[in-house]
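The sequence lines fix the lettering, A, B, ..., with proteins before strands; numbering per chain opens at 1. Computed from a prediction, not measured in an experiment: that's the story for all the values here.
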Amino acid sequence: MKIFVTGVGWAGTAGMGTGRGSTPFDLPPGELPSISRHEVFPEADSRFGRLDAFSRLALAGVALALRDAGIEHWTAPRAVGIAASSTYGCTGTDLEYLATLGEAPGLASPQLFAYTLPNVFLGEAAIRFGLTGPTLIVSDEEGTGSAALETALDYIAGGGETALAGICDLARPAQLPARVDPTPGALFLVFERRPTLEPLGALNWPEERQTHPDGSHGLRALATRLCTGRPFSKIRTTRKGTA
Amino acid sequence: MSRVWIVGTAAITALGEDADTLWGGLLAGRTGIGPLTRFSTDAYKSHVAACVPGLQPQGPGSLAHALLERLCALLPPLPPETVLIASTTKGGVDCLERVARGLPADADDIPLPALGAALRRRLGLTTPAITVSAACASGSIALGRGAQLVTSGAAASVLVVGFDVLSEFIFSGFSALQALSPDPCRPFDAGRTGLTLGEGTAALLLTSPERARREGREPVGELLGWAASNDAVHITAPARDSRGLIQAIRTALAHAGIEPGDVGGVSAHGTGTLYNDLMELNAFRAIFGERRVPVYGVKGALGHTLGAAGAIEATIALRALAEEVVPGTVGCTVPDAAGAGLVRLGPAPLCGSRMLLTNSGFGGVNAALVLGGRPR
């Protein structure tokens, strides 16, 4: 079946952007700026400032992608799914929580603990955008987001209408060794069976569950191809090793 | 739709690692919950947990390695191209704890996919592992994802392994949230006072009937339907109107091609918290109406094993299908009024040939599975 890519949103060290915007897609290494509410949402949002840094970054990516697809606003809940990949998830929040535990074990912060599950930002996104489909963190060993991408596409192939796939990481916490050091940033793509806006691209799924000729795969590779105007027929994804 | 056979199961819980001991313990109403000695609980609301007997760390790595090493000894031979899907809520957070305290720790265990990758290498599997984290529904969502890979033809066989070990990080957090019961938890009891944490692991090997026959593997059951949903209401509290769980159950039943009347028993999440249990019971009422399908929960015996819960509970549900009886709900003595006629205190016969399994968790997640017994 043909699944359309209808939105791309990202937030990284070089700023934020969308597939239909004028900023070229780029998620380079570097230092992530702090994300404030007004950069993401034009209207007041009492929750955003209370979120941990991981949730703010990921929610920004989700919001920008939905906006790019023209489906940010809603009037009734919709069974939209989100699959996201992360290497460290909310490890930074975990360390903040552990600091409160170290100060006084019986007085550890329940507010911080609530954000020490990597999937909690998906709940935030679900609440804000009325998304009632499956939401999960699904991480691949290589950190490419390929597992999240395939999960989202399979959801639509299985009957779902719309799903997002994303990848999100803050900078590696300084206490941890540099052997595993993902590029910080959030990238989310919207996939639809029936696009609301003119699609940015399309995939034949599951036929294209195969290795891309140049070996690149995963969400960044897909976003790069989409946002640099390559023909849709060149879009390929893979779960490396099984293709 | 292609069928998904379950051709192998294994589980390690506070009631041991032998399937008959686990099943017999549940039927007898035994509990693995006892005094928690792994770390000091002086500052916390509870002093009990359901720990795996004899579990000791192996060096500076996560305690999960020791747990998973035991599990490996129980697994059947695996085709090398088997896709491993690991489900966990916090993976190697015990190592992060030690990093934060300046103690020796293997920080390589901290990234989310790390322990799944290590297990994949330990098992000699060639396909990169996938790690699912969806709070307390991680295990059941991982099973659904595994079944999806089999039915789509993307994987010939999938090993789903749910695991989580008890750490002070988790214990202190649930204590801070006022969610821990001071006594062993009492799922669905009118006087329930919160949850009891546990730890454990379970594995289920999924494959297609064709592949199973070719390899001479006998099925123990079938995964017939699966679905997940989000409440979109609150990040830590369940939807009072049970909307997300109802949606997940209805979708899973439709996916399995069955009606509520075909369900012969329900393996419920049953944490023992006031609102989760009530939310679940209301969902079951909405689905089953006045029908008295037997509902049970195992967390009064095994504690809440978080990312392992769905996988552990699926192995038990498959045994229930094989024995045509559901275990009782250990810890529950006087069911909540909302569960009258549903919640079983002791073993009860199945009233249909399919089992429904449900889990819910933080982030608003819900998952439902429909399991069938050994295909004839």
Side-chain angles (χ1 to χ4, degrees), chain A residues 77 79 81-82 86-89 91 94-95 97-99 101-102 104-110 113-124 126-127 129-143 147 150-151 154-155 157-158 175-177 179-180 206 209 239-242, chain B residues 40 42-44 81 83 89-90 93 96-97 99-101 107-108 110-114 116-117 120 126-135 138 141 145 148-149 152-155 168-169 172-178 227-236 243-244 247 361-365:
Chain A
I82 314 179
S86 183
T87 298
Y88 281 112
T91 300
D94 296 353
L95 286 164
Y97 170 77
L98 281 167
L101 185 62
L107 298 174
S109 167
F113 183 71
Y115 287 92
T116 62
L117 286 172
N119 69 302
V120 164
F121 86 83
L122 298 169
E124 294 284 358
I127 294 166
F129 300 111
L131 312 179
T132 61
T135 52
L136 69 156
I137 298 294
V138 52
S139 301
D140 51 281
E141 285 188 33
E142 300 163 308
E150 292 197 3
T151 301
D154 282 346
Y155 173 65
Q175 297 93 323
L176 302 184
R179 288 186 292 277
V180 180
R209 200 194 299 266
R239 179 156 29 81
K240 198 174 177 182
T242 57
Chain B
S40 170
D42 290 349
Y44 305 129
E81 72 276 17
V83 175
T89 59
K90 291 304 293 176
V93 76
L96 189 70
E97 256 184 50
V99 166
R101 290 171 176 162
D108 287 345
I110 293 171
L112 295 179
R120 191 264 302 166
T126 55
T127 306
I130 296 166
T131 299
V132 168
S133 187
S138 298
I141 287 180
R145 181 64 189 136
Q148 206 171 30
L149 289 177
S152 68
E168 188 170 0
F169 183 103
S172 64
F174 279 100
S175 179
L177 288 172
Q178 311 291 323
S229 68
N230 197 294
D231 290 339
V233 168
H234 198 277
I235 61 162
T236 57
R243 67 179 76 169
Q247 176 186 325
F362 281 10
V365 297

query = Given that the side chain runs from C-beta out, which part of Phe129(A) has a heavy atom under 4.5 Å from chain B: side chain, backbone, both or neither?
reply = neither

ask   = Tell me, side chain or backbone of Tyr115(A) under 4.5 Å from chain B's heavy atoms, or both, or neither?
value = side chain

request  = Search all heavy atoms of Ala100(B) against all heavy atoms of Leu95(A) and return the closest pair with its distance.
outcome  = CB-CD2, 4.2 Å

task = Please flag which part of Glu97(B) lies under 4.5 Å from any non-hydrogen atom of chain A: side chain, backbone, both or neither.
result = both

inquiry  = Report which part of Ser175(B) has an atom under 4.5 Å of a heavy atom belonging to chain A: side chain, backbone, both, or neither.
reply    = neither

query = Among Gly106(A), Pro177(A), Pro134(A), which residue forms the greatest number of heavy-atom pairs with chain B at distances under 4.5 Å?
reply = Pro134(A)

ask   = Would a distance-only check, ignoring hydrogens and angles, find a side-chain to backbone donor-acceptor pair under 3.5 Å from Asn119(A) to Phe362(B)?
value = yes

ask   = For the atom pair CG (Leu176(A)) and CD1 (Ile110(B)), what is the distance rounded to the nearest 0.5 Å?
value = 4.5 Å

task = Supply the atom-to-atom distance Thr151(A) OG1 to Gln148(B) CD, rounded to the nearest 0.5 angstrom.
result = 7.0 Å

ask   = Just by distance, do the side chain of Gln247(B) and the backbone of Thr132(A) share a donor-acceptor pair under 3.5 Å?
value = yes

query = Under a 4.5 Å heavy-atom cut-off, does chain A meet the side chain of Val233(B), its backbone, both or neither?
reply = backbone

note = Of the listed Ser133(B), Ala228(B), Gly363(B), Ala176(B), the one with the largest count of heavy-atom pairs under 4.5 Å with chain A is Ser133(B)

query = Any idea how Phe169(B) and Phe113(A) line up, ring-wise: parallel (<30°), tilted (30 to 60°), or perpendicular (>60°)?
reply = tilted

Contacts of Ala134(B) that satisfy side chain to side chain contact (heavy atoms under 4.5 Å, CB included) - sequence neighbours left out = Leu136(A), Ser138(B), Ile141(B)

Under 4.5 Å from any heavy atom of chain A - which part of Arg120(B) = side chain

query = Between Pro105(A) and chain B, which part of the residue has a heavy atom less than 4.5 Å away: side chain, backbone, both or neither?
reply = both

